[in-house]
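Written below as C-alpha cells is the structure these notes are about.
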Amino acid sequence: GTGGVRALAPEPGEGGDGPVPDNNPGEDFRLHVPETTQEPEKRKTFQVRNAYLVTHTRSGIVIIDQQHAHERVLYEKFLSGNAGGDGTGQFLLIPRTIRLNHNDSLLLTEWWDHFRNIGFDLSDLGNGSFAVNAVPADVTADDPGTFIESVLELLKSPGADARSGKQQLLARSLARRLAIRRGKPMHQAESDSLAENLFACQAPSVSPDGKPTMVVITYEELNAKFKI
C-alpha cells in the first residue's frame, strides 16, 4: 500500500477516555528525569522541530508526539497515586494562601478528596480562603493558586461530564495542564526519559483523550520503501 506510517505502539494499548477541554498552556510543567545514569545500550531519542521525538524499537522507527506522550505519562501517574511519590506531594516551605469565589470554593470542596489523592495538601481557612501546603511533584510551587483555579475551570467546562469517574477526569485535566508543549526544546535526558516512560504505560499508543502518541514505521516498510 501507499500508507507506510501507521499509528501503532510497540505494545498496542487501549483507547482514550473521552474528550478533554482545551486550555491556555503555561510553564507549569516540570519533566522529572530519573537520577540513575542511563545505560549505554538504552535507546536514544532525538527531537525534531521541538515537537517530535524519534527513536527505535525492535518493531521499527518510532516517531513520538511529545505533548500527547507526556499527557499519557502524567495521566497514568496521577491515576496510580504516584503523583507525590508517597502520595503526599511536595510540601511547601511556606504554605500559600489562595482566595476563591463562592462557586469555585464549592467546586474545590466537592473535589477535595480527589485533589488530595493526586498530591495536593489543602486546608480550608473559611470565607473562601484555602492554604496550599503541598502540591504534586510535577507542579511548580510558584503560583499554586492560579494553577488550581485553571484546573477548576477545566472541571467546569462542557467537556467535564459524567462519562468518566472524577479521579479520571481530574487526572486528564491535570495532564493536559502540565504536559510539555510542542515547540518546547527538550534536553537529551528529558526526551529519553519521556520515551521510556511512555513505553512503560498501560496504554502507550494514545493520549488520555484518544489521540495518537506515536507512529511506527516498521523495518519491513522501510525495506520496501528503499526496495531492499
Can you tell me if [X] has over 12 outside heavy atoms packed within less than 6.0 Å of its [atom1]?
X: Tyr219; atom1: OH; value: yes
X: Asn223; atom1: CG; value: yes
X: Ile228; atom1: CD1; value: yes
X: Phe115; atom1: CZ; value: yes

With a 4.5 Å cut-off on side-chain heavy atoms, are [Y] and [X] touching?
X: Arg176; Y: Tyr75; value: no
X: Ile64; Y: Leu194; value: no
X: Pro136; Y: Phe120; value: yes
X: Gln188; Y: Thr45; value: yes
X: Arg72; Y: Glu76; value: yes
X: Phe199; Y: Met214; value: yes
X: Arg96; Y: Leu92; value: yes
X: Trp112; Y: Asp124; value: yes

Please step through side-chain contact (heavy atoms from CB on, under 4.5 Å) for the pair Phe130 and Thr97, ending with a clear verdict.
CA-CA 6 Å; Phe130 300 87; Thr97 300; over 6 Å; no

[X] side-chain N/O to [Y] backbone N/O, donor-acceptor pair under 3.5 Å:
X: Gln66; Y: Ile180; answer: no
X: Ser207; Y: Thr213; answer: no
X: Glu196; Y: Ser193; answer: no
X: Glu71; Y: Pro208; answer: no
X: Gln47; Y: His187; answer: no
X: Thr55; Y: Lys44; answer: yes
X: Arg181; Y: Ala179; answer: yes

Closest non-hydrogen atom pair between [X] and [Y], with its separation:
X: Ser105; Y: Gly128; value: OG-CA, 3.5 Å
X: Asn133; Y: Pro95; value: OD1-CB, 3.5 Å
X: Leu107; Y: Lys156; value: CD2-CG, 3.3 Å

Drop me the distance from [X]'s [atom1] to [Y]'s [atom2], to the nearest 0.5 angstrom.
X: Ser191; Y: Leu53; atom1: OG; atom2: CG; answer: 5.5 Å
X: Leu74; Y: Leu79; atom1: CG; atom2: CG; answer: 11.0 Å
X: Ile98; Y: Asp143; atom1: CD1; atom2: CG; answer: 9.5 Å
X: Leu154; Y: Glu149; atom1: CG; atom2: CD; answer: 12.5 Å
X: Glu153; Y: Ile148; atom1: CD; atom2: CD1; answer: 13.0 Å
X: Leu155; Y: Leu174; atom1: CG; atom2: CG; answer: 8.0 Å

Exercise. Taking it one step at a time, do Val206 and Lys211 satisfy side-chain contact (heavy atoms from CB on, under 4.5 Å)?
Worked result: CA-CA 5 Å; Val206 290; Lys211 298 177 181 178; over 6 Å; no

Same cluster or not: are [X] and [Y] linked, directly or through other Ile, Leu, Val, Met, Phe, Trp or Tyr residues, by side-chain heavy atoms under 4.5 angstrom apart?
X: Ile94; Y: Val139; answer: no
X: Val48; Y: Ile217; answer: yes
X: Leu125; Y: Leu122; answer: no
X: Ile63; Y: Phe46; answer: yes

Contacts of Arg182 meeting salt bridge (Lys or Arg N to Asp or Glu O under 4.0 Å) (sequence neighbours excluded), chain-then-number -> Asp65

Residues passing the ring-ring contact (aromatic ring centres under 6.0 Å, His included) test with His68, sequence neighbours excluded, are none

Does the pair Val73 and Phe78 meet the rule for a side-chain contact (heavy atoms from CB on, under 4.5 Å), with working shown? CA-CA 9 Å; Val73 170; Phe78 288 132; over 6 Å; no

TODO: Step by step, work out the salt bridge (charged side-chain N to carboxylate O under 4.0 Å, His left out) result for Arg172 and Asp209.
DONE: CA-CA 8 Å; Arg172 289 204 309 274; Asp209 55 345; over 6 Å; no

